[in-house]
Amino acid sequence: VQHQHLEVVFELFNLLQRSVPSLDGISLNNVLSASAELGYLEIVKQVHAYTFKVGLVNDTMLSNGLIDTYAKCGSLDDAAKHFEMMGTNCDVFSWSSLIVGYAQSGYARKALDLFARMRNLGIRPNHVTFVGVLTACSRVGFVDEGCYYYSIMEPEHGILPTREHCSCVIDLLARAG
């Protein structure tokens, strides 16, 4: 996966399935990563079903991988359903994956509402969360809101802006003229 030999991932996955009684979350997350890159939604659904079959449905790392992969494959309804199913087990990665997914798919209001909900629950955002929030603002021209979120990153959350955050703000300002 790290070297972008994505089709090989599935070949190895098939071999692994035949040689061990059940797969672990790490193996499944690698399959999810490759599926996200290639947009293989059907494989994502198969992995999801497999998590129920072998009792990995409550594995937070794997659940976060499912949310992220569903979102990257454009299946935001499935990502949101899985997110809600996680309930109180959602962590900052769960929230960020769905926020970024909504933002990148043009659902800015959903991304920002989810961010507000996250903050109301006292979950501290990370740098990825802010990429999603700034992307959401950029996509729909919420200049003041985007600048506000950018301005509170460091003083309120201790997150130093990265090049990616700055690129989001440049995109926000450029789209707004």
Side-chain angles (χ1 to χ4, degrees), residues 1-136 157 159 162 164:
V1 173
Q2 291 175 357
H3 295 284
Q4 297 299 306
H5 298 288
L6 303 175
E7 293 298 336
V8 176
V9 171
F10 298 107
E11 292 170 21
L12 293 171
F13 179 61
N14 286 330
L15 288 172
L16 186 60
Q17 278 184 299
R18 286 185 247 136
S19 64
V20 296
S22 65
L23 302 170
D24 63 7
I26 294 169
S27 300
L28 295 172
N29 263 324
N30 282 314
V31 171
L32 290 173
S33 294
S35 297
E37 290 289 322
L38 296 170
Y40 287 177
L41 182 58
E42 280 309 310
I43 291 177
V44 179
K45 290 182 179 193
Q46 290 173 14
V47 168
H48 193 177
Y50 183 81
T51 65
F52 283 99
K53 180 181 173 185
V54 297
L56 289 173
V57 71
N58 293 323
D59 182 304
T60 302
M61 182 181 75
L62 188 53
S63 288
N64 288 341
L66 282 163
I67 293 168
D68 187 56
T69 306
Y70 273 133
K72 286 178 178 174
C73 288
S75 187
L76 291 168
D77 287 342
D78 286 323
K81 283 178 194 171
H82 194 69
F83 176 85
E84 294 301 333
M85 188 181 81
M86 284 180 69
T88 58
N89 291 329
C90 289
D91 59 16
V92 67
F93 302 107
S94 318
W95 289 89
S96 297
S97 291
L98 194 54
I99 288 168
V100 169
Y102 280 139
Q104 290 179 338
S105 296
Y107 297 100
R109 184 46 48 204
K110 282 188 175 189
L112 297 175
D113 289 347
L114 193 62
F115 179 61
R117 190 172 138 203
M118 174 186 165
R119 289 178 71 194
N120 287 339
L121 290 172
I123 297 168
R124 294 190 52 84
N126 64 17
H127 69 285
V128 174
T129 315
F130 276 103
V131 168
V133 167
L134 295 171
T135 298
H157 301 285
I159 298 171
T162 65
E164 197 169 10

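This one's a predicted model, so the numbers in the text were calculated from it and none came from an experiment.
- Interatomic distance, Gln46 CD to Ser35 OG, rounded to the nearest 0.5 Å: 9.0 Å.
- Annotation: side-chain hydrogen bond (donor to acceptor under 3.5 Å, both in side chains) contacts of Asp68 (sequence neighbours excluded): Lys72.
- For Asp24, the salt bridge (charged side-chain N to carboxylate O under 4.0 Å, His left out) criterion is met by no residue, not counting sequence neighbours.
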Side-chain atoms of residues 95-102: list all donor-acceptor pairs with protein atoms under 3.5 Å, sequence neighbours left out, distances to 0.1 Å.
from, atom 1, to, atom 2, distance (Å)
Ser96, OG, Val92, O, 2.8
Ser96, OG, Asn126, OD1, 3.4
Ser96, OG, Thr129, OG1, 2.5
Ser97, OG, Phe93, O, 2.9

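- By the side-chain contact (heavy atoms from CB on, under 4.5 Å) test, His127 is found to be paired with Ile159, His165, residues two or more places apart in sequence or in another chain being considered.
- Here the shortest heavy-atom pairing between Val44 and Cys73 reads CG2-SG, 4.2 Å.
- Considering all non-hydrogen atoms of both residues, Gly132 and Ala103 come closest at O-CB, 3.2 Å.
- Between Ala71 and Ala79, the shortest heavy-atom contact is N-CB, 4.0 Å.
- Annotation: ring-ring contact (aromatic ring centres under 6.0 Å, His included) contacts involving residues 39-75, sequence neighbours excluded, comprise Phe10-Tyr40, His48-Phe52, His48-Tyr70, His48-His82.
- A donor-acceptor contact closer than 3.5 angstrom is absent between the side chains of Asn89 and Thr60.
- Within 6.0 Å of CG in Leu38 there are more than 12 heavy atoms belonging to other residues, nucleotides or ligands.
- A distance-only check finds no donor-acceptor pair linking the side chain of Ser105 to the backbone of Tyr107 [under 3.5 Å].
- Residues Pro125 and Met118 approach most closely at CA-CE, 3.3 Å, considering heavy atoms.
- Of the possible donor and acceptor atoms, none in the side chain of Arg119 sits under 3.5 Å from a partner among the backbone N and O of Arg124.
- Partners of Glu11 by side-chain contact (heavy atoms from CB on, under 4.5 Å), not counting sequence neighbours: none found.
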Test side-chain hydrogen bond (donor to acceptor under 3.5 Å, both in side chains) on Asn30 and Ser33 and set out the steps.
-> CA-CA 5 Å; Asn30 282 314; Ser33 294; 5.1 Å; no

